[in-house]
Amino acid sequence: MPESTPQGHAGLKNRTKLVHAGRRPSEQLGFVNTPLYRGSTVLFPTLEDLYARNARFSYGTQGTPTTEALESAWTELSGAAGTVLTSTGLAAIALALLTAASSGDHVLVVDSAYRPSRIFCDTVLSRMGVAVTYYDPRLGASLESLIRPNTRVIFLESPGSQTFEVQDVPAITALARSKGICTILDNTWATPLFFPPHARGADMAVEAGTKYLSGHSDLLIGLVSATAEWFPKLRATFDAFAMCAGPEDVFLSLRGLRTLDLRLREAERQALSLAHWLSERKEVIDVLHPAFPSCPGHDLWKRDFLGSTGVFSVLLAPCSRAALGRMLDGLKLFAMGYSWGGYESLVIAFDCRSYRSATKWNPPGPALRFSVGLEDIEDLKADLDAGFARLRAAC
Ligand SMILES: Cc1ncc(COP(=O)(O)O)c(C=O)c1O
């Protein structure tokens with residue numbers, strides 16, 4: 001039986017790695033997939049082994065063959081030195097920030113970050129005595145003017161997962177490295193398939209596997225990958241908290257991993273088709289999709305990304321909340337709900353006005369974020385077409 005190893009995968013394309021990474025059939029009685037190991041206690045044969053914790057696995061919080069399979073596959077895919085798995089994407093963000101920031105430090109956080117990332121910084125980090133400054137996502141190397149002697153972390157999310165500004169990640173990570181500052185990138189939208197985070201300079205990269213890795217809206221998981229410099233610190237912080245992922249969610253994520261490339265490419269195709277259709281509607285005044293020239297940072301997306309995924313936003317012409325409700329409440333295929341990246345299409349209305357602090361978010365009308373699923377695209381367009389008719393009738 002051919003047994004593949006990370007070393008043996010060097011030079012293979014990501015699509016092939018997705019199939020082979022993290023699998024050791026010879027250790028699983030020949031079964032193709034690593035089974036779901038559940039467990040807290042691991043037994044040691046002798047007292048000396050117990051004292052020395054001399055075993056490949058020593059306690060449930062520190063890993064099982066199932067977690068090891070996903071960690072090693074993600075490490076390969078991300079081009080990292082190592083990966084840890086957490087219970088949610090937000091826990092992964094918290095873990096990365098707590099790995100790099102200490103009391104008395106200053107961190108720079110992109111203004112377009114996922115709102116709960118901001119809340120973590122404004123509450124837990126602030127309480128720890130960490131100063132937080134938000135910065136404009138359009139700043140690249142000029143971010144230097146905001147760096148203080150005690151700046152230890154720059155947190156990025158590119159593109160922002162509601163407003164889709166694309167950041168100059170290589171410029172920011174080069175600046176940070178020259179000053180000994182750690183960069184943490186929330187790479188959830190692109191995944192390592194469409195944006196290799198460490199090759200672009202990030203020290204740590206976070207993925208909310210809840211979204212595309214799962215792909216089925218049936219689990220919560222976070223992944224943090226890190227470079228050789230940062231992985232030992234990340235792993236030590238992870239061990240101190242033991243905020244590990246649930247075994248079933250890890251198993252389902254491994255299953256999702258095998259089809260990630262196919263699902264992402266289909267999400268990309270569907271979303272581009274819908275975004276082009278929306279851009280021609282008179283109810284839509286702007287499309288915030290990184291592959292569209294109207295999106296802030298589109299040139300950076302073209303330079304640095306290998307694809308786009310299924311999540312984007314549009315700005316609508318001004319209309320009342322009641323009219324928007326008529327449009328959205330009557331949709332038959334697009335459901336309203338948080339999260340994204342599943343097989344089903346979702347839409348949410350959003351408004352960042354109340355919490356943006358370094359930039360102004362002030363569109364003339366409502367904003368909608370779509371997560372385009374795997375339904376037939378013509379059915380999706382027909383659903384929205386009927387929604388726009390209700391909107392117009394209610395205006
Ligand atoms: C960009 C981004 N990062 C992180 C998260 C957090 O993931 P989780 O829901 O697993 O905590 C989300 C969730 O919506 C997200 O959109």
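Ligands are counted one by one from 1 in listed order, and the atoms in each one are counted from 1 as well. Predicted model, so just to flag it, every value in this text is computed and none were measured.
- Aromatic rings from Phe370 and Phe312 are positioned such that their centres are separated by under 6.0 Å.
- Taking Tyr135 as the reference, Gln167 meet the side chain to side chain donor-acceptor pair (under 3.5 Å) condition, with sequence neighbours excluded.
- Between Asp203 and Thr183, the side chains place a donor N or O and an acceptor N or O closer than 3.5 Å (distance only, hydrogens not considered).
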With the criterion set at N/O pairs under 3.5 Å, what does the list of contacts between the protein and ligand 1 look like, atom names and distances included?
{"residue": "ligand 1", "atom": "3 (N)", "partner": "Asp186", "partner atom": "OD2", "Å": "2.7"}
{"residue": "ligand 1", "atom": "10 (O)", "partner": "Gly89", "partner atom": "N", "Å": "2.8"}
{"residue": "ligand 1", "atom": "10 (O)", "partner": "Thr210", "partner atom": "OG1", "Å": "2.5"}
{"residue": "ligand 1", "atom": "11 (O)", "partner": "Gly89", "partner atom": "N", "Å": "3.2"}
{"residue": "ligand 1", "atom": "11 (O)", "partner": "Leu90", "partner atom": "N", "Å": "2.9"}
{"residue": "ligand 1", "atom": "14 (O)", "partner": "Lys211", "partner atom": "NZ", "Å": "2.6"}
{"residue": "ligand 1", "atom": "16 (O)", "partner": "Trp340", "partner atom": "NE1", "Å": "3.1"}

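- Sequence neighbours left out, the pairs with a member in residues 230-282 that pass ring-ring contact (aromatic ring centres under 6.0 Å, His included) are His276-Phe292.
- Not counting sequence neighbours, the partners of Tyr343 by the ring-ring contact (aromatic ring centres under 6.0 Å, His included) test are His216.
- Counted by atom type alone, Thr191 and Lys211 present zero donor-acceptor pairs between their side chains at under 3.5 Å.
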